[in-house]
A.B. asks: 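One structure coming up, written as structure tokens, with questions to follow.
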Protein chains: 2
Amino acid sequence: MNIQDVILGILNKKPHSGYEIKQHFEEYFSFFFDASYGTIYPTLSKMEGLKLITKESVRQEGKPDKNVFTITSTGTERFQTYLHGPVEKEVLRSDFFMHLYFGDMTDKETVEKLLRQAMEEKQTMFDDLEQKLKKLDTKLGTYQKMCMELGLAQYAAFIKEIQRVLELDFA
Amino acid sequence: MNIQDVILGILNKKPHSGYEIKQHFEEYFSFFFDASYGTIYPTLSKMEGLKLITKESVRQEGKPDKNVFTITSTGTERFQTYLHGPVEKEVLRSDFFMHLYFGDMTDKETVEKLLRQAMEEKQTMFDDLEQKLKKLDTKLGTYQKMCMELGLAQYAAFIKEIQRVLELDFA
DNA sequence: CTGTGCATGTAACACGTTACATGATTGC
DNA sequence: GCAATCATGTAACGTGTTACATGCACAG
């Protein structure tokens with residue numbers, strides 16, 4: 001999976017501008033992927049050069065112009081190849097786990113604070129995602145919802161487990 | 001969190017060689033962090049230059065020589081700063097979620113295969129981690145175990161949720 | 001006239017991986 | 001002699017971020 005594939009997936013539904021693609025990232029899959037403008041715009045240029053997408057300038061009322069990108073048949077092909085291809089191993093990079101792992105080199109209060117903070121953050125993420133799921137209910141397909149429900153399930157498990165250890169070891 | 005901090009954490013317990021550090025990564029926190037030799041060795045050289053660690057060549061019987069690194073007081077200081085500093089946001093990069101998200105652009109069989117495969121992989125990771133936890137039981141501190149138990153809880157939730165959707169939508 | 005949102009883009013930098021290259025020692 | 005494990009290291013490459021730079025349009 002690279003950003004190109006992800007962009008192709010989004011454009012496969014309908015044309016978007018770079019700015020809209022970034023919004024889509026934040027709105028729909030912030031919890032398992034993200035990319036900055038610094039990646040998106042150069043990637044779009046590159047993909048245009050590779051004839052995977054085409055650019056069209058669109059005038060808007062009350063807003064600046066935007067460059068809307070449309071997927072080409074080559075792009076669709078490439079995306080289908082991605083979809084049917086192998087699934088890359090999931091990568092988690094967690095500073096929370098690292099801090100916890102080395103927790104015995106600090107005091108108990110620091111660890112407790114770490115755990116409480118992590119729990120609160122996860123709770124916020126849970127709430128946000130749940131709210132998003134409710135709000136977008138009709139706009140989402142089965143599999144999009146499935147993604148979110150899987151995310152929620154993992155968040156919930158994490159929160160529950162933290163609560164358990166907080167009660168057990170920090171009573 | 002960068003690799004330097006992680007290496008300092010490992011060396012804070014006892015001196016290690018680059019090779020041993022890599023093994024430690026795989027053995028103890030493969031599920032939330034990883035790094036390759038291509039990162040480890042240059043980083044160790046850099047850290048030696050920064051006086052965070054010192055190198056010592058050690059002869060072994062039946063094995064080639066190794067460079068063992070020891071943390072300095074500057075290194076310990078730096079690690080304490082890391083430990084008490086802010087916790088970076090967790091980053092997940094999941095190709096599985098991406099494939100699932102765009103699942104409606106393939107056929108149901110492909111998605112089912114995707115889900116089953118993901119479930120099996122998570123089950124394997126669960127089993128491995130559980131086994132590791134049992135095997136290392138006495139060698140692990142409270143917080144190390146906590147990390148693993150949190151990992152297990154998340155894996156279990158994921159597996160359970162996948163099973164649910166498989167029974168519900170793919171009956 | 002200023003802040004906010006919309007919109008695009010670049011340049012410097014950090015970080016990390018993969019593949020390559022080397023070589024010791026042991027066990028078969 | 002060869003495969004496996006131990007052990008170290010580099011060079012090329014890819015990928016992505018952050019900070020910077022610019023500018024339109026609207027609302028208050």
Side-chain angles (χ1 to χ4, degrees), chain A residues 1-8 10 15-27 29-30 32-50 53-69 82 88-95 98, chain B residues 1-8 10 15-27 29-30 32-50 53-69 82 88-95 98:
Chain A
M1 173 182 61
N2 54 40
I3 302 191
Q4 289 194 22
D5 295 320
V6 182
I7 290 177
L8 287 176
I10 292 172
H16 287 276
S17 68
Y19 192 82
E20 288 161 358
I21 287 170
K22 172 71 174 154
Q23 285 182 316
H24 198 103
F25 286 173
E26 278 161 15
E27 181 80 358
F29 37 78
S30 56
F32 63 87
F33 184 82
D34 194 26
S36 61
Y37 290 121
T39 315
I40 294 169
Y41 288 119
T43 303
L44 285 168
S45 296
K46 199 179 170 187
M47 289 170 77
E48 201 195 347
L50 293 170
I53 56 177
T54 55
K55 181 163 77 175
E56 193 193 351
S57 190
V58 172
R59 276 179 219 150
Q60 297 181 104
E61 281 175 41
K63 289 179 193 173
D65 290 4
K66 64 178 175 180
N67 296 324
V68 172
F69 295 90
Y82 162 73
E88 275 166 45
K89 213 191 138 201
E90 191 170 284
V91 177
L92 173 66
R93 203 190 159 94
S94 172
D95 197 23
M98 201 56 82
Chain B
M1 170 182 65
N2 53 40
I3 302 191
Q4 288 193 25
D5 294 320
V6 182
I7 289 177
L8 288 175
I10 292 172
H16 287 276
S17 68
Y19 192 82
E20 289 161 358
I21 288 170
K22 171 71 175 155
Q23 286 182 317
H24 198 104
F25 286 174
E26 278 161 15
E27 182 81 356
F29 36 78
S30 56
F32 63 88
F33 184 82
D34 194 27
S36 61
Y37 290 122
T39 315
I40 294 168
Y41 288 118
T43 302
L44 285 168
S45 296
K46 200 180 169 186
M47 289 169 76
E48 200 194 350
L50 293 169
I53 57 177
T54 55
K55 182 163 78 177
E56 193 193 351
S57 190
V58 172
R59 277 183 216 147
Q60 298 181 104
E61 281 177 39
K63 289 178 195 176
D65 291 5
K66 62 178 176 181
N67 296 324
V68 173
F69 295 90
Y82 161 74
E88 275 166 47
K89 215 192 136 197
E90 191 170 285
V91 176
L92 173 66
R93 202 188 160 95
S94 171
D95 196 24
M98 200 57 80

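Quick note on labels: first sequence line is chain A, next is B, and so on, each numbered from 1.
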A.B. asks: Output the single nucleotide from C:dC6, D:dG9, C:dG9 whose closest atom is nearest the side chain of A:K55.
C.D. replies: C:dG9

A.B. asks: Does the plane of the ring in A:Y41 sit parallel, tilted or perpendicular to the ring in A:Y37? Use 30° and 60° as the thresholds.
C.D. replies: parallel

A.B. asks: Within the 4.0 Å heavy-atom criterion, would you say A:S45 contacts the bases, only the backbone, or no part of the nucleic acid?
C.D. replies: nothing

A.B. asks: Rounded off to whole Å, could you give me the CD-to-P distance for the A:E26 and C:dA7 pair?
C.D. replies: 14 Å

A.B. asks: What string of B, S and - do you get for nucleotides 21-28 of chain C 5' to 3' if you count protein non-hydrogen atoms under 4.0 Å?
C.D. replies: --BBSS--

A.B. asks: Can you name the one residue among B:V6, B:L44, B:T43, B:I3 that meets side chain to side chain contact (heavy atoms under 4.5 Å, CB included) with B:I21?
C.D. replies: B:L44

A.B. asks: Between A:D34 and B:K89, does at least one N-O distance fall below 4.0 Å, as a salt bridge requires?
C.D. replies: no

A.B. asks: Expressed in angstrom and rounded to an integer, what is the separation of B:N67 atom CG from D:dA7 atom P?
C.D. replies: 11 Å

A.B. asks: Can you check whether A:R93 reaches B:F32 side chain to side chain, under 4.5 Å on heavy atoms?
C.D. replies: no

A.B. asks: So, the side chain of A:Q60 versus the backbone of A:P64: is there a donor-acceptor pair under 3.5 Å, distance only?
C.D. replies: yes

A.B. asks: Quick one: A:K66 NZ to C:dG9 P, roughly how many Å, whole number?
C.D. replies: 14 Å

A.B. asks: Quick one: A:R59 CZ to C:dC6 C1', roughly how many Å, whole number?
C.D. replies: 18 Å

A.B. asks: By nearest heavy atom, map A:Q60 and B:Y41 onto DNA chain D; which one lands nearer the 5' end?
C.D. replies: B:Y41

A.B. asks: Between B:Y82 and B:N2, do the side chains contain an N or O donor and an N or O acceptor separated by less than 3.5 Å?
C.D. replies: no

A.B. asks: Please write out each protein N/O paired with an N/O of nucleotides 17-20 of chain C under 3.5 Å, distance rounded to 0.1 Å.
C.D. replies:
from: C:dT17; atom 1: OP2; to: B:S36; atom 2: N; distance (Å): 3.2
from: C:dT17; atom 1: OP2; to: B:S36; atom 2: OG; distance (Å): 2.9
from: C:dT17; atom 1: OP2; to: B:T39; atom 2: OG1; distance (Å): 2.5

A.B. asks: Output the rounded distance in Å from CE (A:M47) to P (C:dG9).
C.D. replies: 14 Å

A.B. asks: Tell me the interatomic distance from A:I21, atom CD1, to C:dA7, atom C1', rounded to whole angstroms.
C.D. replies: 13 Å

A.B. asks: Measuring from A:E56:CD to A:N67:CG, what's the distance to the nearest 0.5 Å?
C.D. replies: 10.0 Å

A.B. asks: Could you give the CD-to-P distance, from A:E56 to C:dT8, as a whole number of Å?
C.D. replies: 13 Å

A.B. asks: Any side-chain N or O of A:Y19 below 4.0 angstrom from OP1/OP2 of C:dT8?
C.D. replies: no

A.B. asks: How long is the line joining CD of A:Q23 and P of C:dT8, in whole Å?
C.D. replies: 10 Å

A.B. asks: Determine, stepwise, if the pair B:E20 / B:H24 fulfils side chain to side chain contact (heavy atoms under 4.5 Å, CB included).
C.D. replies: CA-CA 6 Å; B:E20 289 161 358; B:H24 198 104; over 6 Å; no

A.B. asks: When the nearest nucleotide of DNA chain D is assigned to A:K46 and to B:V68 on a heavy-atom basis, which residue is associated with the more 5' position?
C.D. replies: B:V68

A.B. asks: When rounded to the nearest 0.5 angstrom, what is the spacing between NZ in B:K66 and NE2 in B:H16?
C.D. replies: 9.0 Å

